[in-house]
Amino acid sequence: MSETTPQEPAPLSESEIVASRRAKLKRFRDELGFDPYGRREDGLLAIAAARARFSEEAHVAFDAASKEAKATGAVPADARAVVKVAGRIVQHRDMGKLVFLFLRDESGDLQVSVSKAAVEANAFELAKAADYGDILVAEGPIGRTNKGEVCVWATRVSLGAKSLAAPPEKWHGLSDPELRYRRRYVDMYANPETARVFAMRARIVSRIRRFMDARGFLEVETPVLQPIAGGAAARPFTTHHNALDMPLFMRIAPELYLKRCLVGGMRKVYEINRNFRNEGIDRSHNPEFTAMEVYEAFGDYGTMMELTESLIHHLACEMVEERRTAGLRVGGAGVSGGPVLPWGELDIDYSSPFVKVTFEELFRRGAGCDMRDFAAVRAKARALGLHHEAKLDDWLVVNEVFEECAEPLIDPCRPTFVTDYPSAISPLTRPHAHDPALCGRWDIFIGGMEVGPAYTELNDPDIQLAKFTEQLKGADDEESTFRTLDEDFVESLRVGMPPAGGLGIGIDRLVMLLTDSQSIRDVILFPLLKSMAPKQEGDGEGGGEGEGGGAAKSGGHA
RNA sequence: GAUUGCGUAGCUCAGUCGGUAGAGCAGCGGCCUUUUAAGCCGUAGGUCCUGGGUUCAAAUCCCAGCGCAAUCACCA
């Protein structure tokens, strides 16, 4: 935004609408004497707070007094609160010598009336000519109109910012999803629902932090720029540090650094931060997403389960309260009287206890055979049309059959922990001592989405090294360019990491569930979109590094 | 990455059988001191996503590309 001089002509490319707005800007400044870009304002009230200052008695008393005053010519007594508000114009009705407009800020909308008789001439002209989308500051007593609308009867009006852009349709708002994402700053004011979701997101994240802090977890921040991207099976973004002339990766998970924190002596740590994965985009995947990872020394996947259930139950209770206060629909009482929140067509019941089912039991129910009976499992796989089953190891077939016919059995309306996964498909998890075929891992499913896994972490450096090495062998050439053994991490395990439980929760997905959002892009302020810029010459198969064939099979955590 | 759908004025959308572009809102010029998507009179606004092709004629049919969405794959 350069400081334009009044004489500067509008660029030819600008539409008529923009040109007329520029002309108004000039008029507001040169003829009416308003700074079109405002100045500091003290004593501003949020619009919701200003509305709360409305008093029916004061309004009625003033109404009566002014009628009487009309007869006697006296000045009517006025006990109405005087408020100063600022907001974007979202409605504007010019009645001639009286202008009604609605100002909107993040807390709500409020009507302002500007009467020719009540304000300076320039302020009246400003109110009359102001455009949808302009930011206005108004001050005056708060009362009602004849139709009952709570209203600021302006005594002073000024400009906070002249908007030069064409506004969206005033009734339908901005509804094209592409425009909403690309011009989120318009979406946020045009669709109050959007702003509300992001305010709720902020409160949810803040509650998660308070919850974790109250339980004695220490929030830490570990590297996003990593020389080796580890801790998960995913393709990373690549970058480069110029001064060090060193290739770097954007992290795919903080896991290996958080575990180093346990080695260093931190008992309970967590991190809420961004991960980056160079993979597909859909309703539940954005290339950068926010995850919370938690590690608790001397805990295991059971302590993580208790923590997770308490946390999500707590958040759901808070959301029910928040939705009630906001007048939004909440579900009835859950099976044990717990909180119920709508999510699209579903009503999700967050009652404690959450459903718990072992992988093995769920497999039996879905597949109709025992998962350790590989002949039967392979027969089932063939019956399902998984033609490539012959090429897979037994346990990978088990996993495919599980995903095909057991996962759909999970009730999307009840948060469900699926526990005790086969060790063979969870290579970085600690096998159970009593049954090494199974390991200390669960995944929690809500609304049909996987919200996060937890593990009883492996802390034997020799086993860890063996598993890493095995994994590296499985990676193809392209993958191996970024699947490098993190020797320093293994070294840290040699120093000695206490036994621990670890947890990862996809914060965006949790926020989707709690805010009744159907797409991850509705809970990420500025989701990644393809550039609209014309294609550069010769940027054919762009990207180069990090491009790989199929993504890694099996492998790390989270 | 695959399949399907969509792309028309600043925004929200119509557009019939292929016949040469429509509405509402927003804008501009008027009127109006109690409006609630205010109303009334007048007026202007188009690369029909882009590029080819078929045709006397293309927003419309065909091909390719770009963008978005949904589903699938991958993943969390």
Side-chain angles (χ1 to χ4, degrees), chain A residues 14-21 23-24 89-102 109 111-118 124 128-129 131-133 143-151 153 163-183 186-187 190 231-235 252-253 275-293 443-445 449-453 504-510 512 518-521 527 529-535 541 547-558:
Chain A
E14 286 192 335
S15 74
E16 240 176 87
I17 291 178
V18 175
S20 90
R21 285 175 174 241
K24 277 190 187 176
I89 297 175
V90 291
Q91 295 288 353
H92 185 272
R93 298 184 193 106
D94 179 358
M95 308 292 300
K97 296 192 181 64
L98 180 65
V99 176
F100 291 107
L101 42 89
F102 271 86
D109 295 357
Q111 183 168 265
V112 174
S113 302
V114 185
S115 162
K116 189 169 187 181
F124 183 69
K128 212 170 158 62
D131 289 313
Y132 288 78
R144 267 205 289 109
T145 65
N146 291 350
K147 298 287 170 66
E149 184 75 41
V150 172
C151 182
W153 293 96
S163 173
L164 296 175
E169 218 265 0
K170 78 176 169 184
W171 180 244
H172 298 94
L174 200 61
S175 63
D176 177 354
E178 181 172 358
L179 279 177
R180 291 183 50 216
Y181 300 142
R182 286 195 195 279
R183 311 191 68 211
V186 175
D187 180 35
R235 289 155 61 193
I252 54 176
N275 292 335
F276 306 84
R277 298 191 181 176
N278 207 337
E279 284 161 358
I281 296 177
D282 65 28
R283 242 173 43 197
S284 56
H285 296 83
N286 194 62
E288 54 179 301
F289 64 100
T290 301
M292 174 169 77
E293 283 202 17
D443 277 32
I444 182 168
F445 293 84
M449 272 193 301
E450 195 186 340
V451 173
I505 290 184
I507 297 296
D508 309 285
R509 289 182 179 181
L510 190 58
M512 282 170 66
Q518 298 304 303
S519 168
I520 198 166
R521 293 178 160 199
L529 294 180
K530 275 203 187 181
S531 170
M532 292 295 277
K535 273 220 150 197
E541 191 43 20
E547 286 294 339
K553 262 295 179 221
S554 80
H557 285 175

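For A/Asp109, the side chain to side chain donor-acceptor pair (under 3.5 Å) partners at least two apart in sequence or on another chain are A/Arg104. A/Pro168 meets the side chain to side chain contact (heavy atoms under 4.5 Å, CB included) test with A/Leu174, A/Val186, A/Tyr189, A/Ala190; sequence neighbours excluded. The side chain to side chain donor-acceptor pair (under 3.5 Å) test applied to A/Glu149 returns no partner, not counting sequence neighbours. With sequence neighbours excluded, the residues satisfying side chain to side chain donor-acceptor pair (under 3.5 Å) with A/Glu169 are A/His172. For A/Asp187, the salt bridge (charged side-chain N to carboxylate O under 4.0 Å, His left out) criterion is met by A/Arg180, A/Arg184, not counting sequence neighbours. With sequence neighbours left out, A/Asp94 forms a side chain to side chain donor-acceptor pair (under 3.5 Å) with A/Lys128. Every residue was checked against the salt bridge (charged side-chain N to carboxylate O under 4.0 Å, His left out) condition with A/Asp282, not counting sequence neighbours, and none meets it. Every residue two or more places apart in sequence or in another chain that forms a side chain to side chain contact (heavy atoms under 4.5 Å, CB included) with A/Arg283 is listed here: A/Ser519.
Residue contacts for A/Asn286: at a heavy-atom cut-off of 4.0 Å it reaches a base atom on one of the strands shown. Within the nucleic acid shown, A/Asn275 has no heavy atom closer than 4.0 Å to any nucleic acid atom. Within 4.0 Å (heavy atoms only), A/Ser284 reaches at least one base atom of the nucleic acid. A/Leu529 comes within contact range of the sugar-phosphate backbone alone, with a heavy-atom separation under 4.0 Å but no base atom that close. Backbone-only contact: A/Tyr181 has heavy atoms under 4.0 Å from sugar-phosphate atoms and none from a base. Among the heavy atoms of the strands lying under 4.0 Å from A/Glu149 is at least one base atom, whether or not backbone atoms are also near. At a threshold of 4.0 angstrom between heavy atoms, the contacts of A/Gly173 are confined to the sugar-phosphate backbone, with no base atom among them. Among the protein residues, A/Gln91 comes within range of the sugar-phosphate backbone only, with heavy atoms under 4.0 Å from sugar or phosphate atoms but none that close to a base. Within the 4.0 angstrom heavy-atom criterion, base atoms lie near A/Ala117.
Where A/Gly148 and A/Gly452 each meet RNA chain B at their nearest nucleotide, the meeting point lying more 5' is that of A/Gly148. Residue-to-nucleotide proximity on RNA chain B shows that, of A/Ser115 and A/Gly506, the 5′-proximal contact is made by A/Ser115.
Straight-line distance from the CE atom of A/Met95 to the P atom of B/G30: 18 Å, rounded to whole Å. A/Ile520 has its CD1 atom 13 Å from the P atom of B/A69, to the nearest Å. Atom P of nucleotide B/A76 and atom CD of A/Glu288 are separated by 17 Å, given to the nearest angstrom.
Of the nucleotides present, B/C72 is the one that pairs with B/G1 by Watson-Crick or G-U wobble criteria, both distances under 3.5 Å. Nucleotide B/A59 has no partner under the Watson-Crick or G-U criteria, as no pair reaches both atom distances under 3.5 Å. In this structure B/C25 sits in a base pair with B/G10, meeting the Watson-Crick or G-U test at under 3.5 Å.
The side chain of A/Lys97 lies closest to B/U33 when the candidates are B/U33, B/C11, B/A76. The nucleotide whose nearest atom lies closest to any side-chain atom of A/Leu179 is, among B/U33, B/A69, B/U12, B/U12.
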Which atoms of nucleotides 70-73 of chain B (N or O only) lie under 3.5 Å from a protein N or O atom, and what are those distances?
unit_1, atom_1, unit_2, atom_2, d
B/U71, OP1, A/Arg283, NH1, 2.5

Close N or O pairs between protein and nucleotides 2-5 of chain B (under 3.5 Å):
none

Close N/O contacts between protein and nucleotides 21-27 of chain B (under 3.5 Å):
unit_1, atom_1, unit_2, atom_2, d
B/G24, N2, A/Glu169, OE2, 3.2
B/A26, OP1, A/Lys170, NZ, 2.9
B/G27, O3', A/Ser20, OG, 3.4

With 3.5 Å as the limit, what N/O pairs link the protein to nucleotides 46-49 of chain B?
none

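In this model, the phosphate group of B/U12 is approached by a side-chain N or O of A/Ser175 to a distance below 4.0 Å at OP1 or OP2. Listed pair A/Arg521 / B/C68 fails the phosphate criterion, with no side-chain N or O lying under 4.0 Å from OP1 or OP2.
For A/Ser113 and B/U33, a side-chain-to-base donor-acceptor distance below 3.5 Å is absent, hydrogens and geometry of angles not being considered.
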